[in-house]
Enquirer: 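Structure incoming, see below.
In what follows, chains carry the letters A, B, and so on, assigned in the order in which the sequence lines appear, proteins first and then strands, with residues in each chain numbered from 1. What you see below is based on every heavy atom in this structure, not just the backbone, and it leaves out hydrogens, waters and symmetry mates.
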Amino acid sequence: MPAVQETVERVRRIDVDQYRYGFETLIESDKAPKGLSEDTVRFISAKKDEPAWMLEWRLEAYRRWLTMTEPTWARVNYPKIDYQDLYYYSAPKPKKTLSSIDEIDPEILKTYEKLGIPLREVAVLEGVEPPPGGPPSANRKIAVDAVFDSVSVATTFQKELKAAGVIFMPISEAIREHPELVQKYLGTVVPTSDNYFATLNSAVFSDGSFVYVPPGVRCPMELSTYFRINERNTGQFERTLIIADKGSYVSYLEGCTAPQRDENQLHAAVVELVTLDDAEIKYSTVQNWYPGNSEGKGGIYNFVTKRGDCRGRNSKISWTQVETGSAITWKYPSCILRGDNSSGEFYSIAISNGFQQVDSGTKMIHLGKNTSSRIISKGIAAGKSQNTYRGLVSAHRKATGARNYTACDSLLIGDKCGAHTVPYVEAKNSSATFEHEATTSKISEDVLFYCIQRGLSQEEAVGLVVNGFVKDVLQQLPMEFAVEAQKLISISLEGSVG
Amino acid sequence: MSLLEVKDLQVRVEEREILHGLSLTVNPGEVHAIMGPNGSGKSTLSHVIAGKPGYEVTGGQILFKGEDLLEMAPNERAAKGVFLAFQYPVEIPGVTTWNFLHAALNAQRKARGEDEISSPAFLKKVREVAKSLNIPQDMLKRGVNVGFSGGEKKRNEILQMALFEPAVCILDEMDSGLDIDALRIAADGVNALRSPERAMVVITHYQRLLNYILPDFVHVMSKGRVVKSGGKELALELEESGYAQFEDAA
């Protein structure tokens, strides 16, 4: 059997059933009644003990949402979602108010342990070099916020962050404790009216992370949030808001997993980033929602709106994503380059296998003078999946000297998958310099045979070629996560990778 | 026992028979040249020995140290000591040459039940081997064959040959795409690797390569068979009279 054929066979046999995070945690939960109405929105807001302005904000979004229609322009197909057949809020049932991590349901702690996520306050990795310019501490720490279904269950390293003046807490707490900050920034990057899924999120979001880094502060550790959907028929609508005040820096990572279920689960998140003058946010995602089984049954519908606003001069926002999960991915982390000399980056690895459908990319909106952006996208399609890069680069009339470099590469494994590139480029002033490069290639039988003749197995050969293909992007991830991501890539490319 | 024994080999590609009963016996230390016009089945022979997919063996056998080679997976053959120097080595972007060689060597060692070689030990070894072949260290840091000249690609094949220390090396059209200087350098590399234990099968269309790599035996292939075998003088004879005389013999 020809080598590529064999790869296809193997993909068909094992592929996405290899999902390692598909266990379910049995805990009692507190759920909102099924379906969506003003009452659901009021229920969530009341559960979160929110101020009136927040409830009003949600209701306005909900009313707006009722007038909107689901977008159909993406290259994804799925049966119509019945929004009345979902639960919009589910929380692990608390026995009492938690005051320390020891009071968290041990079942949930076990779940995070299985996922390899440390919630205990320990230095996660010892002897890791600090990032360039980072604090010269021997132990690198990572603060974790863990979100289980609709609520945040634990946030670590609170004290140390507080000492640095960094606020890192569940957004539901931030709404109560830092209303002035939340009110000032929430919805200013992704307005409640932005798009169907973002508007839905605005109405029903339950939790997520909030980060504020004060002027001149370099956040002393990596911040990360792990999202886990556990409950059946539950949508997760997290909302993340990160503000880097003047001259500050923060690196943030999110990871996501879900149990294996036959039915599809909805995930519609909104992430808003704001950088003021000379500030920088580095936002990395390792997305590993359940992709569905080998027949294409089940899996997460991932409709996410992520946007960063480089509001200040010389500010910078960098998105890095490794997308391996979800049945459907609809996601375009974008940058609005408003401040003069601001810059945006988008580094992406999107892998699809089985029946997964990915429509992902970025938007770089150049508004300020001498703004620059860089897009490196690596799409890998295997099995019967469809993988689309969709991107927009635009320069406003006043964005003189805008520069963009885009490179979109697609790699096909087998002959039943598809890779598509849909770039939109708009330059409204003559001084903009936009470059676009795109390639599509297949792992050819010749390349595989060459590796195998040198002693590598088929799996090792595919792994080697794929890792070479994504190298430029992996290098952008924080080191410890790059290792994790590399493993994840291997797993999601089924048995054909060792 | 012979090192490599090809017996009455019959091979088809997509219903068309390419090799119609080919036999060849190679002993340790010997260098065999296989010559023949385009389409005579030379490359098919090299691919079948290495185990490239897409060929159907319909008759005959290949023994390697007495074992049935055709029963082994291609990477198993590599681990046992069968090396194919490719006519067109592929490019693997993003994978450094030294990483690739390290992974391949360890895969072979693992298959043979040997310990894996650590990065520092490997680096030392590969540097020594490169030095002995006058291959610049810089090549090890570059992506596998990416942006390599024709000559560099062939030298990379020879470097691998030296590193893996195979028992039998099949050199498929090593001279294609090389100018005379590059050819000489590549041939010097091959000659440095000749040893009483190792056998070489040099596949070539042109006699000129055999000016640099002197064979012990020359076989002329035509239409899927060996039509004449002899010593190195046979190559010179071919140079003068061409392949036409053998077309009828086939």
Enquirer: Indicate the atoms forming the closest heavy-atom contact of Pro74(B) with Ile452(A), along with that distance.
Expert: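 What the structure gives for the nearest pair is CB-CG2, 3.6 Å.
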Enquirer: Closest heavy-atom contact between Gly468(A) and Val95(B)?
Expert: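 Closest approach of Gly468(A) to Val95(B), heavy atoms only: CA-CG2, 3.7 Å.
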Enquirer: Only pairs of heavy atoms separated by less than 4.5 Å count here; which of Pro93(B), Ala79(B), Ala73(B) has the most with chain A?
Expert: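 Going by pairs under 4.5 Å, I would pick Pro93(B).
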Enquirer: Counting only non-hydrogen atoms closer than 4.5 Å, can you tell me which residues of residues 125-139 of chain B sit against chain A?
Expert: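 The residues closer than 4.5 Å to chain A amount to none at all.
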Enquirer: Taking it one step at a time, do Cys451(A) and Ile92(B) satisfy side chain to side chain contact (heavy atoms under 4.5 Å, CB included)?
Expert: CA-CA 10 Å; Cys451(A) 297; Ile92(B) 314 177; 3.7 Å; yes
Enquirer: To the nearest 0.5 Å, what is the distance between OH on Tyr450(A) and CD on Glu91(B)?
Expert: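 Between Tyr450(A) OH and Glu91(B) CD, I get 10.5 Å after rounding to 0.5 Å.
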Enquirer: Among Pro166(B), Gly94(B), Ala78(B), single out the residue with the greatest number of heavy-atom pairs under 4.5 Å to chain A.
Expert: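 Option with the greatest count: Gly94(B).
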Enquirer: Roughly how far, to the nearest 0.5 Å, is CZ of Phe86(B) from CG of Asp446(A)?
Expert: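 With rounding to 0.5 Å, CG (Asp446(A)) is 8.0 Å from CZ (Phe86(B)).
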Enquirer: Give, for atom NZ of Lys52(B) and atom CD of Gln453(A), the distance between the pair rounded to the nearest 0.5 Å.
Expert: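 Reported to 0.5 Å precision, the distance equals 11.0 Å.
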Enquirer: At a heavy-atom separation under 4.5 Å, does Ala50(B) approach chain A through its side chain, its backbone, both, or neither?
Expert: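 For Ala50(B), backbone and side chain are both near chain A.
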Enquirer: Drop me the distance from Lys110(B)'s NZ to Glu460(A)'s CD, to the nearest 0.5 angstrom.
Expert: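 Output value for this atom pair is 5.5 Å.
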Enquirer: Which atoms form the tightest heavy-atom contact between Asn75(B) and Ser457(A), and what is the distance?
Expert: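 For Asn75(B) and Ser457(A), the tightest heavy-atom pair comes out as ND2-CA, 3.4 Å.
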Enquirer: With heavy-atom distances below 4.5 Å as the criterion, would you say the side chains of Val90(B) and Phe449(A) are in contact?
Expert: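 In short, these two side chains do not touch, never coming nearer than 4.5 Å.
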Enquirer: Looking only at heavy atoms, which two atoms of Gly455(A) and Ala107(B) are closest? And how far apart?
Expert: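 That closest heavy-atom pairing would be O-CB, 3.2 Å.
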Enquirer: Looking only at heavy atoms and a cut-off of under 4.5 Å, which of Val82(B), Leu84(B), Val144(B) has the most pairs with chain A?
Expert: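 Maximum pair count with chain A is reached by Leu84(B).
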Enquirer: Hey, could you give me the CG/NZ distance between Asn99(B) and Lys471(A), rounded to the nearest 0.5 Å?
Expert: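 If we round to the nearest 0.5 Å, Asn99(B):CG and Lys471(A):NZ are 7.5 Å apart.
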Enquirer: Below 4.5 Å from any heavy atom of chain A, which atoms of Tyr55(B) appear? Answer side chain, backbone, both or neither.
Expert: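 It is neither, since no heavy atom gets under 4.5 Å.
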